[in-house]
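Numbers restart at 1 for each chain; the letters A, B, ... are given by sequence-line order, proteins then strands.
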Amino acid sequence: MTDQATPENPNDLAKAYDPSAIEEKWAKYWVEEHLFDVPEGAPADGSKTFTMLLPPPNVTGFLHMGHMFEHAESDILTRWHRMRGERALWVPGTDHAGIATQMLVERQLAKEGRTSRVDLGREAFTARVWEWKQQYGGAITTQMRRLGATVDWSREYFTMDDNLSTAVIEAFVRLHEQGLVYRGAYIVNWDPVLQTAVSDLEVTHEDRVGKLYHLRYPLADGTGSIVIATTRPETLLGDTAVAVNPTDERYLALIGKQLALPLTDRTIPIVADDWAQPEFGTGAVKVTPAHDPNDFAIGQRHNLPSINMLSKTATVELPGSKYDGLDRYVAREQIVADLDALGLLVAVKEHPMSVGLSQRSSSVIEPRLSNQWFVAVNQAPASGGESIAAKAIAAVKTGAVKFTPEMYEKTYNEWMSNIHDWCVSRQLWWGHRIPAWHCANHHITVARTAPTTCATCGSTDLTQDPDVLDTWFSSGLLPFTVFGWPTVDGKPTPDMAAFYPTDLLVTGFDILFFWVARMIMLGTHFMLDVPNPDGTPRKLADAVPFREVYIHGLIRDANREKMSKTKGNVIDPIEIIEKFGTDAVRFTLASQASPGADIPLNEARTEGYRAFANKIWNAARFLFMNIDRAPNSGVWRKRLAYSATQTPAKTSSISFEVHPETPVESRWIVSRLSTVCADIDRALKVYRFDEAAAAAYQFFWGDFCDWYLELVKLRLNFDEGDNHPGLITLGIFIEVFGAALRLLSPFMPFITEELWQALNEKLDESAMSTIALTRYPQASDFPSDPAAERDMTLLQDLINTIRGLRKEMQVPEREAAPIRIFASDPAVANLASANADMLAKMARVASVEIAPATLHGNGARSTSSFDVQVLYERQIDVPAERERLTRDLAKYEKGLTAANKQLSNEAFTAKAPAHIIDGLRKQSAETQILYDKTKAALEALPPA
RNA sequence: GGGCUGUUAGCUCAGUUGGUUAGAGCGCCUGCCUUACAAGCAGGAUGUCGGGGGUUCGAGUCCCUCACGGCCCACCA
């Protein structure tokens, strides 16, 4: 704790809150004390569990604002559930991130001027990647520790850990056994820079203006020609047909004829296929089965050969051809020029098109025919049952998995219903190697461990498939592999029994298909085979990887722009944290977080929440100062003892004592506390972090500091012995403050921990422990007191009215002035006289005079229940007062007219619900009073 | 081509199933160093709820339409 005690400030907190002085200490404490580690298996005491999997960041990654946002939301929920007495488990880990990591190490090699990965060899290269991983990997998890994320570090995993790798192999082999994995030559998205296939999802599309070339292909018999249209003329070298639509009358006569393919010595047929659209281009399309997915399909339909004419690096690969070895774009220009020279270039038109780019390398994807491994997602397993996609669709349709916001269910269904087989092989070295072995006779043996002989021909000449699996294949298994799948005996492990299905997944929509959908597919597929803990067969509803998915928005900059390095508008979380403190940043994020909503980050807002932290800090200073002043009495110590023993497990038999003679502000604040507890719980249940944060903020600043803390200054007198009401008030003050800290703790863990422990220390509580393991305040813990709330509201009205009047009359800030209250209701008058000290403190009232009637005009301010005058020599500013009254009058008149018009509408009174009509009547009556009063006051003003 | 989504105060956003006079933070104006806090206190101003039409006793909220944004999916040579 910082120690800047001064005679003026007889407490030991610094005058302003300095996050940097305390955050590291607590971050370290939370980790080192293993406070959030969760033991294996179900809790012995039968308490509920709450389980989440951290979306594993790439091992190469650094923390950005998006992580911090996601982690803040997740941590708020985890802390909240934990404080509610649940066994909260948040499992962290990192992903080996095949492509990203391999790229990074390759780049490093290049920078060192060392040999390429190919020269290094596979074994040495992967060793090098592991080395890199040990040394630099997992920067994010280090940063997470500093930010106080309450994950269970004892369970931290890496997707290439031995047990997880074994599970990946098991999953692949089982899919193969079920006939759901196959290998074949298909058109895939080829990244010529990374030299690997990538899945459809890893291709992003960009609109560009390209060129559409019209090329003439002469008939082989010399009787004519046909003009085709293409955007990629270089692929002409791989053409094996030209297709026209069977209904296209222009070409009917040509169907079946042979064309002399220009620049080659090959002839190719003209085929009829529906794919060719008469309206597009010339209506005739060249068919290149090896380099276009549609052409591949046409090739299949018409039994056309495929000519693979592009290499792995997208250069022309046609030995003997003059174009052999040319880059695809160089070849394009060359070929167009050559065709032009031959008079076969008919036209070149600008053509808007969408170009497929590799998400990782940004290179233009080249569709390429190659041998790849696929997961058959639409096929029923050999052993029976439904396809992977069917189960994944059912999981969401039946509500076993729920999305927030709900609209993502639609997106998910749409995608899942049109899903293609999943290309899972990658031509990389870093990742889980595919457990398949090829023999010299081109047979493939898929096995859990390296086989000695080929399963088909018995050959012993075996080499393992060089490819590795898509990173998302392994991460898609995580919800059950982290809990011990596959199990030796087929029964669930204790962890699986306790924590699967997990309760919630917090993630962004950017990995909805990549990861969320894959987890649902693989979870429902594999876990359906694992029986329930009691031995009964598992149902789909309990095979799902998580019961709920909460999808958050994107972090944007202050102008709602997406953050990107090229735009240079990236906000570094560490920087902003150093500037404002972790709690302030967390609160900023929470205060704007509602399902699906993007977060525009602007510093002004964070500045405001830094001020909020400072406010909390200073409220503590004030409390501590009073504790120091107070005699060492059991009265308030009992209060704190009560507070400190509030463990999450204690869920009942709690009663907070408030005596009827306790001053109104204390009864009021306790009642408000009850309400705000309910509000926060309600909001967090539906992921309205913004509403929860606003409720906590408003309560602490608006109610607790602005009103309670000021009023309590009237009560905290300790010079009359042990049972003085001041001590009772101090006890309530301590308890409400403690509860407020606990309420805020999930949102602002650092400052609340610091102050909670400081408070405990101050009260010599020996059983000190982290605030994170105390009970989350519940509405039922505190008595609701409608009478106190009503009285307090009236007093606040009175004080606000007097303040406004004083301001208008320009009564000097420090000068007290007498007031006169006119109220027809004696209860109002009584309340005012009984709380004259409150009025004096809050509105500088010198004395209160009561007049039993109402007053119209004469410099009074009015509400519907009272009029009040400030008795001061200075006259009110007549023109200003007239202006204000005129404005009010117009407002009331408008409201009155509208209300009365509606009330006299028979259709309204006949159809509207009673409470609406009553409400409107009441409002109309009140407005009428205000109108009359205002009108009278206006008339009473001296003439202009 | 298909789908989703947004437009509310100068700025960034709330506004639950349609219901009483639309809110918050920041910013702005005025006055205060009032012993927890100037990262503070008190008071104040600010809205044709994107345009138009419809349903309804009643619309920021539901429907249609237009305008301008944003996002996702897709095998348009």
Student: Using a heavy-atom cut-off of under 4.0 Å over every strand shown, decide if A/Pro600 touches base, sugar-phosphate, or nothing.
Tutor: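 Result for A/Pro600 = sugar-phosphate.
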Student: Do we see a donor-acceptor contact under 3.5 Å between the side chains of A/Ser199 and A/Asn189?
Tutor: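 No - no donor-acceptor pair under 3.5 Å links their side chains.
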Student: Using purine N1 to pyrimidine N3 plus N6-O4 or O6-N4 for Watson-Crick, or N1-O2 and O6-N3 for G-U wobble, each under 3.5 Å, what pairs with B/C11?
Tutor: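 Here B/C11 is engaged in a pair, and the nucleotide opposite it is B/G25.
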Student: Specify the separation, in whole Å, of atom CG of A/Leu201 and atom C1' of B/C72.
Tutor: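 Value for this atom pair: 12 Å.
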Student: Classify A/Ala620 by what it touches in the nucleic acid, base, sugar-phosphate, or nothing, heavy-atom distance under 4.0 Å.
Tutor: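 Counting heavy atoms under 4.0 Å across all strands, no contact is made by A/Ala620.
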Student: Grab the NZ-P distance between A/Lys713 and B/U34 for me, whole Å please.
Tutor: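 It is 11 Å, rounded to the nearest whole Å.
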Student: Just by modelled atom types, is the A/Thr288 backbone N or O under 3.5 Å from a matching donor or acceptor in the A/Thr235 side chain?
Tutor: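 A pair under 3.5 Å: no.
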Student: Is it the case that the side chain of A/Ser924 and the backbone of A/Leu920 share a donor-acceptor pair, with hydrogens and angles ignored and the cut-off at 3.5 Å?
Tutor: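 A pair under 3.5 Å: no.
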Student: Report which part of the nucleic acid A/Ile187 touches: base, sugar-phosphate, or nothing (heavy-atom distance under 4.0 Å, all strands).
Tutor: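 Touches nothing.
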Student: Sort out the partner of B/C76 for me: Watson-Crick or G-U wobble, both distances under 3.5 Å, none otherwise.
Tutor: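 Partner of B/C76: none found under 3.5 Å.
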Student: For B/G69, which nucleotide is its Watson-Crick or G-U wobble mate, given both distances must be under 3.5 Å?
Tutor: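 Here B/G69 is engaged in a pair, and the nucleotide opposite it is B/U5.
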Student: Testing the 3.5 Å rule here: is there a donor-acceptor pair between the side chains of A/Asn626 and A/Arg629?
Tutor: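 Present: a donor and an acceptor within the cut-off.
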Student: Quick one: A/Glu409 CD to B/C72 C1', roughly how many Å, whole number?
Tutor: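 Result: 17 Å.
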Student: For the CZ atom of A/Arg806 and the CD atom of A/Gln810, what is their distance to the nearest 0.5 Å?
Tutor: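 Reported value, rounded in 0.5 Å steps: 12.0 Å.
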Student: Examine B/A77: is either OP1 or OP2 under 4.0 Å from a nitrogen or oxygen in the side chain of A/His214? Give yes or no.
Tutor: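 The answer is no; no side-chain N or O of A/His214 sits under 4.0 Å from OP1 or OP2.
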Student: For the P atoms, the ones on B/C32 and on B/G51, what distance do you get once it is rounded to whole angstrom?
Tutor: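 Pairwise P distance, B/C32 against B/G51, rounds to 42 Å.
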Student: Rounded to whole Å, how long is the line connecting atom CZ of A/Arg232 with atom P of B/C76?
Tutor: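 Rounding to the nearest Å, CZ of A/Arg232 and P of B/C76 are 12 Å apart.
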Student: Say you pick atom P in B/C41 and the same atom in B/U46; how far apart are they, in whole Å?
Tutor: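 Approximately 23 Å lies between the P atom of B/C41 and that of B/U46.
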Student: Spell out, as yes or no, whether a donor-acceptor pair under 3.5 Å connects the side chain of A/Asn614 to the backbone of A/Tyr17.
Tutor: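 Looks like yes, one N/O pair under 3.5 Å.
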Student: What distance, rounded to whole Å, do you find between the two P atoms, one in B/U5 and one in B/U16?
Tutor: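 These two P atoms come out 16 Å apart once rounded.
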Student: Please tell me whether A/Lys933 and A/Thr863 have a donor and an acceptor in their side chains that are separated by less than 3.5 angstrom.
Tutor: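 The criterion, which ignores hydrogens and geometry beyond distance, is not satisfied for A/Thr863 and A/Lys933.
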Student: Counting distance only, does the side-chain N/O of A/Asn413 pair as donor-acceptor with the main-chain N or O of A/Glu409 below 3.5 Å?
Tutor: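 It does hold such a pair.
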Student: Using Watson-Crick or G-U wobble geometry with both distances under 3.5 Å, which nucleotide pairs with B/G18?
Tutor: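 Checking every strand shown, B/G18 finds no partner, since no pair has both distances under 3.5 Å.
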Student: Go ahead and name the base partner of B/C62; Watson-Crick or wobble counts if both distances stay under 3.5 Å, otherwise write none.
Tutor: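 Partner of B/C62: B/G54.
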Student: Report each atom pair, protein N/O against N/O of nucleotides 19-22 of chain B, whose distance is under 3.5 angstrom.
Tutor:
| unit_1 | atom_1 | unit_2 | atom_2 | d |
| --- | --- | --- | --- | --- |
| B/G19 | N2 | A/Gln902 | NE2 | 3.3 |
| B/U20 | O3' | A/Gln923 | OE1 | 3.2 |
| B/U20 | O2' | A/Gln923 | OE1 | 2.0 |
| B/U20 | O2 | A/Gly919 | O | 2.7 |
| B/U20 | O2 | A/Leu920 | N | 3.4 |
| B/U20 | O2 | A/Gln923 | OE1 | 3.1 |
| B/U21 | O4 | A/Thr927 | OG1 | 2.7 |

Student: Which base, if any, makes a Watson-Crick or G-U wobble pair with B/G40, both distances under 3.5 Å?
Tutor: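 B/G40 is paired with B/C32.
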Student: How close or far is atom P of B/A36 from atom CG of A/Leu716, stated in whole angstroms?
Tutor: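 Computing the A/Leu716:CG to B/A36:P distance gives 10 Å.
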Student: Quick check for you: among B/A36, B/G43, B/U34, whose closest atom lies nearest to any side-chain atom of A/Ala619?
Tutor: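 Of B/A36, B/G43, B/U34, B/A36 is nearest to the side chain of A/Ala619.
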Student: Which nucleotide, B/A77, B/A42, B/A14, lies nearest any side-chain atom of A/Gln277?
Tutor: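 The answer is B/A77, which lies nearest to the side chain.
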Student: For B/U48, what is the paired nucleotide under Watson-Crick or G-U wobble rules, both distances under 3.5 Å?
Tutor: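 Per the H-bond distance test, none.
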Student: Using a 4.0 Å heavy-atom cut-off across all strands, classify A/His291 as base, sugar-phosphate, or nothing.
Tutor: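 Contact class for A/His291: none.
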Student: Looking across every strand, which nucleic acid part, if any, lies under 4.0 Å from A/Lys894 by heavy atom: base, sugar-phosphate, or nothing?
Tutor: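 Counting heavy atoms under 4.0 Å across all strands, no contact is made by A/Lys894.
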Student: Quote, to the nearest angstrom, the P distance that separates B/U8 from B/C62.
Tutor: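 Each nucleotide's P atom is 16 Å from the other's.
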Student: Nearest 0.5 Å, please: how far is OG in A/Ser20 from CZ in A/Phe580?
Tutor: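 Rounded to the nearest 0.5 Å, the CZ-OG separation comes to 13.5 Å.
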Student: Classify A/Glu691 by what it touches in the nucleic acid, base, sugar-phosphate, or nothing, heavy-atom distance under 4.0 Å.
Tutor: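 No contact.
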Student: If you measure from the P atom in B/G6 to the same atom in B/G10, how many Å do you get, rounded?
Tutor: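 About 22 Å, rounded to a whole number of Å.
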Student: In whole angstrom, give the distance that lies between atom CG of A/Asp207 and atom P of B/C72.
Tutor: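 Rounding to the nearest Å, CG of A/Asp207 and P of B/C72 are 12 Å apart.
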Student: Tell me whether the centres of the aromatic rings in A/Tyr697 and A/Phe612 are closer together than 6.0 Å.
Tutor: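 Ring-ring flag for A/Tyr697/A/Phe612: true, centres closer than 6.0 Å.
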Student: For B/C11, does OP1 or OP2 lie under 4.0 Å from any side-chain N or O of A/Asn602?
Tutor: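 So the side-chain polar atoms of A/Asn602 never come under 4.0 Å of the phosphate oxygens OP1 or OP2 of B/C11.
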Student: Which part of the nucleic acid, if any, lies within contact of A/Arg688, taking any heavy atom under 4.0 Å across all strands shown: a base, the sugar-phosphate backbone alone, or nothing?
Tutor: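 The answer is sugar-phosphate, as A/Arg688 gets under 4.0 Å only of primed atoms, P, OP1 or OP2.
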Student: Please measure how far the P atom in B/A74 lies from the corresponding atom in B/U7, and state the result in whole Å.
Tutor: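 Between the two P atoms, the distance is 28 Å.
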Student: Would you classify A/Gly283 as touching base, sugar-phosphate or nothing, given that sugar-phosphate means primed atoms plus P, OP1 and OP2, and contacts are heavy atoms under 4.0 Å?
Tutor: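 It contacts base atoms.
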Student: Is the side chain of A/Asp273 donor-acceptor paired with the backbone N or O of A/Ala243 at a distance under 3.5 Å, no angle test?
Tutor: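 Between the backbone of A/Ala243 and the side chain of A/Asp273 there is no qualifying donor-acceptor contact (under 3.5 Å).
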Student: Is the terminal nitrogen or CZ of A/Lys713 (NZ for Lys, CZ for Arg) located under 6.0 angstrom from the six-membered ring centre of A/Phe622 and within 45° of that ring's axis?
Tutor: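 Yes, a cation-pi geometry.
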Student: In whole angstrom, give the distance that lies between atom CG of A/Leu755 and atom C1' of B/C37.
Tutor: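 It is 13 Å, rounded to the nearest whole Å.
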Student: What nucleotide among B/U12, B/A42, B/C73 has an atom nearest to a side-chain atom of A/Arg605?
Tutor: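 Of the candidates, B/U12 comes closest.
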Student: Between the protein and nucleotides 38-40 of chain B, which nitrogen or oxygen pairs are less than 3.5 angstrom apart?
Tutor:
| unit_1 | atom_1 | unit_2 | atom_2 | d |
| --- | --- | --- | --- | --- |
| B/A38 | OP1 | A/Lys15 | NZ | 3.4 |
| B/A39 | O2' | A/Asn614 | ND2 | 3.1 |
| B/A39 | N1 | A/Tyr17 | O | 3.4 |
| B/G40 | O3' | A/Lys615 | NZ | 3.0 |

Student: Among B/A77, B/G25, B/A14, which is the nearest nucleotide to the side chain of A/Ala597?
Tutor: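 In terms of side-chain proximity for A/Ala597, the closest of B/A77, B/G25, B/A14 is B/A14.
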Student: Please measure how far the P atom in B/A59 lies from the corresponding atom in B/A14, and state the result in whole Å.
Tutor: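 My reading of the P atoms in B/A59 and B/A14 gives 24 Å.
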Student: Would you call the rings of A/Tyr186 and A/Phe374 parallel, tilted or perpendicular, where under 30° means parallel and over 60° means perpendicular?
Tutor: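 Geometry flag for A/Phe374 against A/Tyr186: perpendicular rings.
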Student: For A/Tyr931 and A/Asp888, does a side-chain donor sit closer than 3.5 Å to a side-chain acceptor?
Tutor: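 Judged by distance alone, the side chains do not pair up.
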Student: Measure the distance from CZ on A/Phe587 to P on B/G25 and round it to the nearest whole Å.
Tutor: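 Result: 12 Å.
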Student: Just checking, any donor-acceptor pair under 3.5 angstrom between side chains of A/Asp207 and A/Ser354?
Tutor: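 The criterion, which ignores hydrogens and geometry beyond distance, is not satisfied for A/Ser354 and A/Asp207.
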Student: Could I get a table of every N or O pair under 3.5 Å where one atom is in the protein and the other is in nucleotides 28-32 of chain B?
Tutor:
| unit_1 | atom_1 | unit_2 | atom_2 | d |
| --- | --- | --- | --- | --- |
| B/U30 | O2 | A/Lys807 | NZ | 3.4 |

Student: Taking the six-membered ring where the residue is Trp, are the ring centres of A/Tyr408 and A/His552 under 6.0 Å apart?
Tutor: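 Between A/Tyr408 and A/His552, the centre distance exceeds or equals 6.0 Å.
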Student: Can you identify which nucleotide, out of B/C72, B/A36, B/A14, has its nearest atom closest to the A/Met625 side chain?
Tutor: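 Nucleotide nearest to A/Met625's side chain: B/A36.
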Student: If you measure from the C1' atom in B/C49 to the same atom in B/U35, how many Å do you get, rounded?
Tutor: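 Result for the C1' pair: 46 Å, nearest Å.
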